[in-house]
Amino acid sequence: MTRPPPLDPFPREQLAGDSLLAARALLGARLLREPDRPDGECRVGRIVEVEAYIGQEDRASHARMGPTQRNRVMFGPPGIAYVYLVYGMHHCLNVVTEAEGRPAALLIRAVEPLEGLAAMRAARGRPGIADHRLAAGPGCVGAAFSLDRAVTGTDLCSRTASLRLASAPPDEPAPSIITGPRIGIAYAGDPWTSMPWRLAVADSRALSRRIA
DNA sequence: CTAATGATGTCCT
DNA sequence: GGACATCATTAGA
């Protein structure tokens, strides 16, 4: 029995530039959550769906009204986690992108479970849910990985953070990517509602819903 | 399969 | 006070 080699931390340079390029780089990468107890299992999933929120001019972005108490990490350096509460009950995970001073982030909308499925299922509190649905939706990702606003500020490119990103194994083929408009942002108006800034792995079963 | 609906707390004006 | 980067369930076609 040989264990697979440990995955490399996700390179911050891939998040520091254009958010749509960062989104393409992040699809296929891994999200890791260390166990919260010594006997717990590590939760690992493959990122299969993201949405980009780019700049203060993006009327769909939390950054649209400038820095506030909630959104301030979006204005900081790339690779940092931004978790917010939506509809009073769901925690959504974002990865900050682009240079410090320019607010942008990628919302992690869906993750394909790879390891620690029992822990994810327990955290979700839905015993009968299918494996590929455990983290299929931004609120589901938050629940399956036990995220809350305290996670905001975590450096996801760190090698040791309890929540972090890792590159896919080097022998894994790059995923085929499809795009479509972002979900749930009708309030933003055109052209923001129609920008194709939702990106997903084409053949994944774990998407939050159909795309393109 | 699609459409409608209620639960819920924080944020910003 | 209004709106919200959602989800699970229910009802109906």
Side-chain angles (χ1 to χ4, degrees), chain A residues 15 19-20 22-23 26-27 31 45 47-76 78 80-98 102-113 120-154 156 163 178-200 204-212:
Chain A
L15 303 171
S19 292
L20 296 176
L26 200 54
L27 288 173
L31 181 66
I47 297 170
V48 293
E49 180 181 342
V50 302
E51 274 177 6
Y53 291 85
I54 309 176
Q56 191 167 341
E57 64 274 20
D58 178 359
R59 302 321 280 171
S61 172
H62 285 179
R64 63 188 178 277
M65 61 294 258
T68 67
Q69 184 116 53
R70 177 174 65 160
N71 69 16
R72 60 187 183 79
V73 300
M74 288 186 72
F75 292 77
I80 304 302
Y82 167 46
V83 177
Y84 65 88
L85 181 65
V86 74
Y87 295 112
M89 61 190 90
H90 300 297
H91 294 277
C92 299
L93 171 66
N94 297 255
V95 182
V96 174
T97 55
E98 308 216 6
R102 174 158 166 83
L106 301 171
L107 169 67
I108 308 300
R109 286 193 56 90
V111 169
E112 208 170 85
M120 293 184 195
R121 189 168 276 108
R124 290 280 265 113
R126 292 189 191 259
I129 193 171
D131 289 354
H132 68 280
R133 291 254 155 266
L134 281 169
C140 300
V141 172
F145 285 80
S146 304
L147 308 180
D148 60 33
R149 283 170 300 171
V151 169
T152 296
T154 301
L156 298 170
L163 181 75
I178 52 181
T179 68
R182 295 173 291 177
I183 305 292
I185 55 151
Y187 63 90
D190 272 328
W192 308 108
T193 48
S194 44
M195 299 305 257
W197 288 356
R198 177 181 175 220
L199 296 88
S204 175
R205 252 189 351 153
L207 302 186
S208 62
R209 49 164 112 177
R210 295 284 173 94
I211 177 168

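Here is how names work: the chains are called A, B, and so on, in the same order as the sequence lines, proteins then strands, and each is numbered from 1.
Applying side-chain contact (heavy atoms from CB on, under 4.5 Å) to A:V83 and the options A:L163, A:T154, A:L93, A:V73 leaves one that passes, A:L93.
Atom OH of A:Y87 is separated from atom C1' of C:dA8 by 15 Å (rounded to the nearest Å). Put simply, OH on A:Y187 is 4 Å from P on C:dA5, counting in whole angstrom units. Atom CE of A:M74 and atom P of B:dC12 are 12 Å apart (whole Å). Regarding A:H91, its NE2 atom lies at a distance of 14 Å from the P atom of B:dT8, rounded to whole Å. Atom C1' of nucleotide C:dA5 and atom OH of A:Y53 are separated by 4 Å, given to the nearest angstrom. If you take NE2 of A:H90 and P of C:dC4, they are 16 Å apart, rounded to a whole angstrom. Nucleotide C:dA8 holds its C1' atom 10 Å from the CD1 atom of A:I129, rounded to whole Å. At whole-Å resolution of the value, CE in A:M65 and P in C:dA3 are 14 Å apart.
Within the nucleic acid shown, A:T68 comes within 4.0 Å of sugar-phosphate atoms alone, with no base atom in reach, counting heavy atoms only. Across all strands, A:R210 comes closer than 4.0 Å to no nucleic acid atom at all (heavy-atom distances). The residue A:R182 sits apart from the nucleic acid: no heavy atom pair falls under 4.0 Å. Among the protein residues, A:L85 comes within range of the sugar-phosphate backbone only, with heavy atoms under 4.0 Å from sugar or phosphate atoms but none that close to a base.
Other residues, nucleotides and ligands contribute over 12 non-hydrogen atoms within 6.0 Å of the CZ atom of A:R133.
Across every non-hydrogen atom of A:A135 and A:A144, the tightest pair is CB-CB, 4.2 Å.
With both ends at atom P, the span from B:dT5 to C:dA13 equals 15 Å, rounded to whole Å. Rounded to whole Å, the P atom of C:dT10 lies 16 Å from the corresponding atom of B:dT8.
Between A:R124 and C:dA8 there is a side-chain polar atom (N or O) within less than 4.0 angstrom of OP1 or OP2. Proximity of A:R64 to the phosphate of C:dA3: no side-chain N or O atom is located under 4.0 Å from OP1 or OP2. Residue A:R109 places at least one side-chain N or O under 4.0 Å from the OP1 or OP2 atom of C:dT6. Between C:dA5 and A:H62, a contact under 4.0 Å exists linking OP1 or OP2 to a side-chain N or O.
Under the 4.0 Å criterion applied to side-chain N and carboxylate O atoms, A:R109 and A:E51 are assigned as salt-bridge partners.
Residue-to-nucleotide proximity on DNA chain C shows that, of A:G139 and A:A188, the 5′-proximal contact is made by A:A188. Looking at which nucleotide of DNA chain C each of A:R126 and A:G88 is closest to, the 5′-most match is held by A:G88.
In this structure, the nucleotide among C:dC7, B:dA7, B:dC11 sitting nearest to the side chain of A:R149 is B:dC11. Residue A:M89 places its side chain closer to B:dT8 than to any other of C:dT6, C:dA5, B:dT8.
The CG atom of A:L20 sits 4.0 Å away from the CD1 atom of A:I54 when rounded to the nearest 0.5 Å.
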A:L15 and A:L156: side chain to side chain contact (heavy atoms under 4.5 Å, CB included), yes or no, with the steps?
-> CA-CA 11 Å; A:L15 303 171; A:L156 298 170; over 6 Å; no
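Within the shown strands, nothing qualifies as a pairing partner of B:dT8 under the Watson-Crick or G-U definition with both distances less than 3.5 Å. Taking a pair to require two hydrogen-bonding distances under 3.5 Å in either a Watson-Crick or a G-U wobble arrangement, C:dA5 remains unpaired.
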